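Quantities reported herein were computed from a predicted structural model and do not represent experimental measurements.
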Amino acid sequence: MFSSQDRLYMAKALRLAEKGLYTATPNPRVGAVLVKDGKIVGQGWHERAGMPHAEINALLDAGESARGSTLYVTLEPCSHFGRTPPCADAVVDAGISRVVIGMKDPNPLVSGRGIERLEKAGILVECGLLEADALELNPGFVSRMTRGRPWVRLKIAASLDGKTALRNGISQWITGEAARRDGHRLRARSCALLTGIGTVLADDPRLTARDVETSRQPMIVVLDSELRLPSNAKLLGGKVLVATASQDAQKIGRLEALGVEIVHFPGNKGRVDIAGLLAELGKRGINELLVEAGEGINGALLEAGFIDEVVFYLAPHLIGNRAKGMFEFPALEKMEDRFELKIRDVRMVGKDLRIIGRPDV
C-alpha cells in the first residue's frame, strides 16, 4: 500500500510536527509535507493554537506548485470551523491529487469527516502510514479526545534501590545534571504539572521548565486538601491552580489574593477527588499532565488506574530501606496483585538510568 518513498516523506512530516512539541497545546502536534515529481515543494507544522495548521503552512510554502502534488500529513485534516477555517477545504481548493495521513482525528465527533470531504472531491486518500509514531506524538490529545482527561505521566527520580528521599525528607539532588535537564524537557512539553502540598512544604520547588528553549510554562496544579500552601511558595507567580476539599473562606481569600485559582473537588476522608480533577483538566484543554509528587500521591494515582506512563530516573546510589519510597499503597498479599509495567525505553542519561514504562493492560 505504501512505498518506501511514502514512508520517507511521512517521517519528514513527523519530524516537522515535533517542532510544536512545546507550543501546540491544546491542539495536536502536526506536520505536513507536499511532494511533486519526487521533490518536496512545501512543508509546514502547527506552532500554536490560533495560528495556521500544518497543512495551510505547507500550502503557503508551496504556492502554485501544490497543484497536483501529494500531501503527507501526520493527522487527518480538520473539516470544521474552529479558530481557523477547515483545512480539508483548503486542500481541495489547492488541487491536491493525493493525501497520505498518519492517523485519523481521535475526536469521535469529527473523526473521518476530513477524509470524507477529501474523497468526495475526488482526492485519493490513504490513512495509517506510521500511525504508531503519529500516536506517540500526541498521547495527551488522543487521551483528552477519547477519555476526557489528560495523559498522566509520572516522573520519579530515585536511587538504584528505589528511594526518592532520605528519611528526613531531603531529596536534592538524587540524580545528576543531565537527568534533571531531561526532566525539564518533560516539563516543557506538558500542559500542566501536578504536585502535592507535602512536596511543596518539604522542597519548595519552582516547578518551571528550565534549561530548555520554550515560550510557555506549564500550569501548576497543587493538591492541597486543607489549603496549607504558603504565601511565599516559590511556585507562585505563574498560573497556579489549587485543588482542595476545604471551604475555609479565609484561606481561600488569602490564596486568591495571590492570584491562585481555587477549585473544589471534595473526595473521601477529606481528600481531593482525583477523578473529578482530571476531568476538569481535560475540559480546560490539558493534554499532558506531568506528576512530580511524593509516594502518597504516586500510590493513589497508581491504585486508581490513572497513571499512563512512568519515567524513572535511577541514580547509581544506595540509600537504604529507611528512606522514602516511590509509591505508598496497602501491602499486597499476593504476587498476582502487583502492578505490571511494560518497559518502553531504557537508556543512560548522563550517569543515571532512565526507564520509561506503561501499565500492562
Side-chain angles (χ1 to χ4, degrees), residues 12-33 42-61 73-75 78 82-85 87 102 105 133-145 149-155 177-195 205-222 233-242 258-261 280-292 309 311 349:
K12 171 67 174 177
L14 287 165
R15 289 195 297 272
L16 287 168
E18 288 177 354
K19 292 187 176 184
L21 191 66
Y22 302 151
T23 59
T25 182
N27 289 351
R29 299 141 183 158
V30 183
V33 173
Q43 54 189 352
W45 54 282
H46 181 52
E47 183 177 354
R48 65 180 71 249
M51 295 182 68
H53 290 184
E55 304 95 312
I56 304 303
N57 285 328
L59 290 171
L60 291 172
D61 188 37
V73 62
T74 58
L75 181 71
C78 63
R83 298 185 186 184
T84 57
C87 291
D105 190 322
D133 298 282
L135 283 165
E136 282 298 311
L137 198 58
N138 289 295
F141 182 73
V142 173
S143 176
R144 186 164 62 84
M145 290 295 104
R149 69 165 179 84
W151 177 268
V152 179
R153 179 180 289 115
L154 177 61
K155 180 175 82 79
E177 185 177 345
R180 295 198 296 274
R181 281 200 304 269
D182 197 64
H184 281 286
R185 285 190 283 270
L186 291 181
R187 288 181 179 179
R189 69 173 289 167
S190 303
C191 307
L193 269 62
L194 174 71
T195 193
R206 284 184 286 169
L207 295 180
T208 52
R210 305 183 294 278
D211 299 324
V212 57
E213 290 187 15
T214 177
S215 59
R216 52 168 286 277
Q217 289 289 336
M219 178 173 71
I220 297 173
V221 182
V222 183
K234 290 180 181 178
L235 57 76
L236 295 173
K239 184 171 178 57
V240 178
L241 182 75
V242 169
L258 296 169
V260 174
E261 182 180 358
E280 173 64 20
L281 294 178
K283 292 176 183 177
R284 292 177 180 233
I286 301 300
N287 289 335
E288 296 184 19
L289 178 68
L290 181 65
V291 179
E292 299 189 36
E309 181 175 284
V311 181
V349 179

| query | Side chains of Pro28 and Met145: does their closest heavy-atom pair fall under 4.5 Å? | reply | no
| note | side-chain hydrogen bond (donor to acceptor under 3.5 Å, both in side chains) filter on Arg15, not counting sequence neighbours, yields none
| query | Tell me, do Arg187 and Arg210 make a side-chain contact under 4.5 Å, heavy atoms counted? | reply | yes
| message | Going by the rule side-chain hydrogen bond (donor to acceptor under 3.5 Å, both in side chains), which residues pair with Asp61 if we only count those two or more places apart in sequence or in a different chain? | response | none
| query | Is Glu177 atom CD crowded by more than 12 heavy atoms from other residues, nucleotides or ligands, each under 6.0 Å away? | reply | no
| query | Between Pro218 and Leu193, which heavy-atom pair has the shortest distance, and what is it? | reply | CG-CD1, 3.3 Å
| Can you list the residues that meet the side-chain contact (heavy atoms from CB on, under 4.5 Å) rule with Arg149, with sequence neighbours excluded? | Ser143, Arg147, Val152, Leu278, Phe306, Asp308
| query | Is there a donor-acceptor pair closer than 3.5 Å between any side-chain N or O of Arg29 and the backbone N or O of Ala17? | reply | no
| said: I'd like to know if the side chain of His46 reaches the main chain of Gly31, judged simply by a donor and an acceptor atom lying under 3.5 Å from each other, with no hydrogens or angles considered. | reply: no
| said: Minimum heavy-atom separation for Glu55 and Leu75, please, with both atom names. | reply: OE2-O, 4.2 Å
| query | Rounded to the nearest 0.5 Å, what separation is found between the CD atom of Glu292 and the NZ atom of Lys155? | reply | 4.0 Å
| Can any side-chain N or O of Gln217 pair as donor or acceptor with the backbone N or O of Ala209 at less than 3.5 Å? | yes
| query | How many angstroms lie between CG in Leu21 and NZ in Lys19, if you round to the nearest 0.5 Å? | reply | 13.0 Å
| request: Test Leu241 against Glu280 for side chain to side chain contact (heavy atoms under 4.5 Å, CB included), laying out the working first. | output: CA-CA 11 Å; Leu241 182 75; Glu280 173 64 20; 5.7 Å; no
| said: Could you measure the distance from the CG atom of Asn138 to the CG atom of Asp133? Nearest 0.5 Å is fine. | reply: 12.0 Å
| note | Between Trp45 and Asn57, the two heavy atoms sitting closest are O-ND2, 2.9 Å
| query | If you take all heavy atoms of Arg185 and Tyr22, which pair is closest and at what distance? | reply | CG-OH, 3.5 Å
| said: Is the shortest side-chain heavy-atom distance between Val260 and Val222 below 4.5 Å? | reply: no
| query | Looking only at atom types and distance, does a side-chain atom of Thr74 sit under 3.5 Å from a main-chain N or O of Ala134, one as donor and one as acceptor? | reply | no
| note | Taken to the nearest 0.5 Å, the spacing of Ile220 CD1 from Thr208 OG1 works out to 7.5 Å
| field | Nearest non-hydrogen partners of Gly44 and Leu16, listed with the distance | value | O-CD1, 3.9 Å
| message | How long is the straight-line distance from CG of Leu236 back to CG of Leu207, given to the nearest 0.5 Å? | response | 11.0 Å
| Less than 4.5 Å apart, any side-chain heavy atom of Pro139 and any of Glu309? | no
| request: Quick one: closest heavy-atom pair of Leu137 and Glu18, and the distance? | output: CD1-CG, 3.6 Å
| request: Look up atom CD1 in Ile286 and atom CE in Met219, then write down how far apart they are to the nearest 0.5 Å. | output: 4.0 Å
| request: Using only heavy-atom distances, determine whether the side chains of Arg216 and Thr25 contain a donor-acceptor pair under 3.5 Å. | output: no
| task | Report yes or no: do Asn287 and Arg144 form a side-chain donor-acceptor pair below 3.5 Å? | result | yes
